[in-house]
Structures are given as C-alpha cells and as structure tokens.
Amino acid sequence: MNIPFYGRKRSQAVDTVLVVPHDESEDELDGSDEENEEERPINEGESDESDRDAEERDGELEEDEEEQAYIKAKDLNLTWKTGRKSIPPVPQLKISLPQATEVKAPIDYFRNLIEDAIENIVTQSNLYASQCDINKPLNITFKEIERFIGIAQYMAVFNFPKTRLYWSTAARVDCIANTMSVNRWETIKRYLHFSNNENHIPAGQPGHDALFKIRPLLTALKKSFNTVPMHEMLCADEQIVPIIHNFEVYTGTITRAEGKPDIGASGNIVLKLCSVIPTNQSFKLFFDNWFCSIDLQVQLEKMKIHSVGTVRSSRLPNCTFTEDKTMKKKGRGTFEEKETKFEGVNLRAVKWHDNRSVHLLSTYAAAYPTTLVKRWDKKTQKVVEVVRPNIVSIYNKSMGGVDLLDSLIALYRTKVRSKKWYLRLFFHMMDVAMVEAWLLYRRDSTSCGVEQKEQLRLMDFKSEVASCLCKKDTLCRKRGRPSLSVQAGLDLKKRRGATAPLPRPHSAWTA
C-alpha cells in the first residue's frame, strides 16, 4: 500500500484526496545512476525481471513529536538473531481471482462507480436550491447531473483557462455548448450539494465532521470501489495496476481502527484501509517507512495479511546493524539480515547498502535468494554487478501504484475554479473514478485477449465517456433557427411526391 504525502504541517484541508500524508520517503529503492539496467538471477530457474530500484532516503528522516513519544513509551524487549541463509516459503493466495469474459462499453465502467453518488447529488442539490430561495427551484434531474459531469470531463481534455470560453464565439466547443447552456451550467455548479446543511454540527462541538459537506459522496464512492473484485496488484505482464479498493481523506486527526489496538497514527491508518481486505486469505501488503513498524506488521499477520515495507531504524528496537560507513567501505551490495519473534509472529529485518543504506522489514520475505543487478560505477567508469536481496526485489516489484495513479489523474485533471472547497474535492473524485474505470477496462481487455494497441488510451476513453454522458437522451441544439437533418430532409421530399412543372417566363411567350 503506497500512499502519497501532501505535507505534515498544513492546517487547511487539501483538495487532493486519498489518504493520509506521509513523509518524504519513497516507494522504490534505486541506487543506480543508469536509467536502463539489467539483472541476472543467481539461482537457476529464476526469471529475469526489469529492475526498478530507487534510492531510499529514509535514514535520517525526522520523526513527528507524537510518534517520538509513542516510540519511547513502547518497550518491546526484542531479541534479534543473525538471519539464517534460508528461503522461507511464499504464501499463496487462497482465493481464486475472477476473470473477465467480456469487455463492456466505457460508459458502463464509469457509470457503475458513480451511479449511487448521483442519486444523492440530485436530492441534495434540489434541497439546497430551495433552502436558498424557495421561489427559484433548481429542478435538476439525474440525466442533467450526468451531462454536467460529462461537460466537466470534456473540459479536462480541452483544458481552457476559463469555463465560459467553451460557449464563446471565438473558442466555442460544440460538444459542450450544444449539451447545456452556460447559464444552466453555472447554476448547477452554484447549487451542487451533497448533504443537508440543516444537519451540520459546528466545529468544536461533539459529533462535528470536517468532511460533512462531502461525506455522502465519499461514502458512495467507497462502496463502489469496494465492489471491484480484490486482486493482486500485478498483472500477468508484471505491470502495476493502481486500482483503489479503499481511501481516506486526510483531516488532521487519525484515530485507531475500530476493534484494533492503538499503534500510532501511521499504523492506525493502514489498519483502517485494510478493513476491506478479506482476512485469512494470504493477501500481501506493501508500504513505505512512514507506515511500517513492528506493531503494524504483527497486527496484519494475525489477520493473515503478509507485508513488506521499508522501515526506519528507530522502529527496530534492540536491532543492531553494521554502521553505514563500514558497509560503504565493503562496497555496494553489502547486506545483513536479522530475525526475531514477537507475539508469535516471525519478523525479518534486512539492511542493504547500494548508493545508500536502507532497512526493510517483512513477515514473509527474506534476503535469500539474492540476485545480481548491474550498476554504473562512477569511479571505475564501467558497469559492475551488485548483489540485491530478495526482499528488495519483492518490494520494488509491488510498490509505486499510488504514484502511478497520481500521474494518470494529472494527465487530464478537471480544473474548474470554485471558492467552495468541497467542489474541488468533487471534481477530483470524478477524475479518480474516471481513471479507475479506464484501468478496469484495460484489465478486462487484457484478460479477453485484446491487444494493447487496440485498447483505448486514457484520453480517448475519457472523451468517449463524456460523449455518452452528454448525449444520453439529449438532442444537440444548435444556435439560431433549428434545421432538419440531411436524412430527414430527403425523407420529407420523398413524401411530397413529384413536383409540378413551373410555367414558362412571360418573356418566352413573346419571343
């Protein structure tokens, strides 16, 4: 589980969703100076894999004051032993993953994710408009909200600096302007609402919810995302698929998960997000050093959820590794492994030195079997082989999903301006749902044997969905006097019958 960081000291709510902030740690371990690297497995039978190692910068990160107090108060009294050169068995997923039998239309993927949310938007928007002015009802419908969302998705593709330009004479976009008038668009945006203001509890009083204005929308989207079949994050071609199954919006306070012990802010949020994962099925979870701790991995293992993550050395009490300077003298590829047992759970910690030293912790992965990766050595000006532990290979192969999701969203982000913070969050969640729909479409297309070059790109997919949302049960109205289509004109001519010959001009008679 890889979750982006949006800043620890921000006091205002962020418009970028998804979960809790984390520190400057990163998802991949890469100590290479070369972009394209090759690796050769040491043991026979191991397949070649592309190396996506990235530099680990977790060694000297500052801890939060709250977390420092938590670590000092936690006395685990662990005894670490030198790891055995053994290869632990890899837990196999106990449930079978569903395979797609057909590829649905793009609009079906998107509508399945937002359909429940639209019903609530229609009700609350009409209610809010009547609360503002009982004499001016909004009278918005389900289809009109769909067209509103479709226009917003078109705007993300065209990316004009101002929304009124889409209706202007100089820069008119027919697929938008013919769907809805600019006045209606702005009216809907003004009254777009998701909850009843009369039920709002002011800040500072018991029961106050910082996300009150948009909580129903987030709840509906969570329900839709949870209906997506849970599956491993790697496809057959080992490409990461960043499909969301659960998310949380950061509001500054992280409480413990229901029915779980308090293991600190970073661990509590992981346990909350894991509530949708079926237990006792041997799922695997991956996270970086802001989240990873002994307590977290032990709690996950009790749920039969196995995990791997980079970890800060301060979270490994009584675990002593060789100093960084000594490992640097030994050369790149030097590593050490320690193991311990806590509350009946076996834990393995590995320290590996590439460009820098990194610590990793796991309940199922170990240092062996190792592989060789090629690195560019600046001193000798040649490519050298570096030993890489297996736990690093597993971590690199499975991390980076949220970073990939963020980059896909940023390609065609909806940039509709609004002073209302919850509208910015609404448009962001629509972008998230669009990317998720595209990823599901790609997954089903791959399962059904559709070649990648024949699959819709994200921009084409988004345009197709927007077109369906805008044109559903809607006639494209043109500006000025309406005219008949070409086919309708031909059909009307056929019904008129043969035309009578016109009389000859008077000049022809006199000639």
Side-chain angles (χ1 to χ4, degrees), residues 12-17 110-111 113-160 162-167 173 175-177 179-200 209-224 247 249 409 412-434 437 462 465-466 468-470 472-474:
Q12 299 178 351
V14 289
D15 59 335
T16 310
V17 80
F110 183 70
R111 188 172 281 139
L113 294 178
I114 68 167
E115 199 165 19
D116 293 338
I118 292 181
E119 292 285 357
N120 175 73
I121 295 174
V122 172
T123 302
Q124 296 301 329
S125 297
N126 286 326
L127 176 61
Y128 178 65
S130 63
Q131 290 173 345
C132 293
D133 190 346
I134 192 63
N135 296 319
K136 295 182 180 180
L138 184 62
N139 294 331
I140 198 172
T141 63
F142 186 96
K143 297 173 184 177
E144 204 167 15
I145 286 292
E146 281 197 336
R147 292 195 288 269
F148 178 86
I149 296 174
I151 289 175
Q153 296 302 316
Y154 264 138
M155 290 179 176
V157 174
F158 291 103
N159 196 20
F160 285 4
K162 294 183 179 180
T163 55
R164 278 186 168 267
L165 290 176
Y166 297 98
W167 286 270
V173 179
C175 58
I176 293 178
T179 301
M180 183 181 296
S181 67
V182 62
N183 292 335
R184 185 60 175 172
W185 156 264
E186 292 181 345
T187 301
I188 294 175
K189 190 183 80 166
R190 176 185 176 186
Y191 292 110
L192 198 65
H193 233 65
F194 314 98
S195 60
N196 188 356
N197 284 354
E198 295 178 352
N199 299 330
H200 177 58
D209 183 7
L211 298 175
F212 167 80
K213 287 185 175 293
I214 201 166
R215 178 69 68 184
L217 173 67
L218 301 179
T219 302
L221 290 177
K222 278 188 180 184
K223 182 180 177 182
S224 299
F247 64 89
V249 179
I409 294 173
Y412 309 103
R413 188 186 300 277
T414 304
K415 299 177 182 178
V416 178
R417 295 182 179 181
S418 176
K419 294 181 180 180
K420 300 177 180 179
W421 65 268
Y422 54 89
L423 289 190
R424 298 180 65 187
L425 195 52
F426 164 74
F427 288 120
H428 176 77
M429 292 309 302
M430 291 299 101
D431 291 339
V432 172
M434 181 65 71
K462 196 163 190 169
V465 172
C468 293
L469 291 174
C470 290
K472 182 184 178 185
D473 298 334
T474 304

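In this structure, N120 and F194 approach most closely via the heavy-atom pair ND2-O, 2.9 Å. Considering all non-hydrogen atoms of both residues, K189 and R417 come closest at NZ-O, 3.1 Å. Across all their heavy atoms, L138 and S125 have their closest contact at CD2-O, 3.9 Å. Taking both residues in full, the closest heavy atoms of R147 and L469 are given as CG-O, 3.3 Å, listed atom of the first, atom of the second, then distance. Nearest heavy-atom pair across Y422 and H193 is OH-CE1, 3.3 Å. Closest approach of R164 to N183, counting heavy atoms only: NH2-OD1, 4.0 Å.
Using a distance-only test at 3.5 Å, with no hydrogens or angles considered, a donor-acceptor pair links the side chain of K462 to the main chain of Y412. The closest donor-acceptor contact from the side chain of N126 to the backbone of P137 lies at 3.5 Å or more, if one exists at all. Under a 3.5 Å cut-off, the side chain of K222 and the backbone N or O of F247 do form a donor-acceptor pair. The backbone N or O of K420 sits less than 3.5 Å from a side-chain atom of S418, completing a donor-acceptor pair.
Judged as a side-chain hydrogen bond (donor to acceptor under 3.5 Å, both in side chains), and not counting sequence neighbours, S195 has no contacts. E115 meets the side-chain hydrogen bond (donor to acceptor under 3.5 Å, both in side chains) test with no other residue; sequence neighbours excluded. Taking the salt bridge (Lys or Arg N to Asp or Glu O under 4.0 Å) definition, one finds that D116 meets it with nothing, sequence neighbours left out. With sequence neighbours left out, the ring pair (Phe, Tyr, Trp, His ring centres under 6.0 Å) criterion links Y166 to F160. Judged as a side-chain hydrogen bond (donor to acceptor under 3.5 Å, both in side chains), and not counting sequence neighbours, R190 has no contacts. For F148, the ring pair (Phe, Tyr, Trp, His ring centres under 6.0 Å) criterion is met by W185, not counting sequence neighbours.
Two residues are said to be in side-chain contact when any heavy atoms from C-beta on lie closer than 4.5 Å; V173 and L165 fail this criterion.
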Report task. Apply side-chain contact (heavy atoms from CB on, under 4.5 Å) to K223 and T219, showing your working. Result -> CA-CA 6 Å; K223 182 180 177 182; T219 302; 5.8 Å; no
Query - Chi angles and distances behind the side-chain contact (heavy atoms from CB on, under 4.5 Å) call for R215, D209 - result: CA-CA 9 Å; R215 178 69 68 184; D209 183 7; 2.9 Å; yes
Query raised in the report: side-chain contact (heavy atoms from CB on, under 4.5 Å) between L217 and L425: does it pass, once the steps are laid out?
Result: CA-CA 10 Å; L217 173 67; L425 195 52; over 6 Å; no
Query raised in the report: Please walk me through it: do K136 and Y191 pass side-chain contact (heavy atoms from CB on, under 4.5 Å)?
Result: CA-CA 11 Å; K136 295 182 180 180; Y191 292 110; 5.7 Å; no
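The CD atom of E146 sits 12.5 Å away from the OG1 atom of T179 when rounded to the nearest 0.5 Å. To the nearest 0.5 Å, atom CE of residue M430 and atom CD1 of residue I149 are 5.0 Å apart. K213 NZ to L218 CG: the interatomic distance, rounded to the nearest 0.5 Å, is 14.0 Å. One distance of note links CD1 of I151 with SG of C470; it measures 5.0 Å at 0.5 Å rounding.
No donor-acceptor contact under 3.5 angstrom links the side chains of E144 and N139, judged on distance only.
Taking 4.0 Å as the cut-off between side-chain N and carboxylate O, D431 and K415 do not count as a salt-bridged pair.
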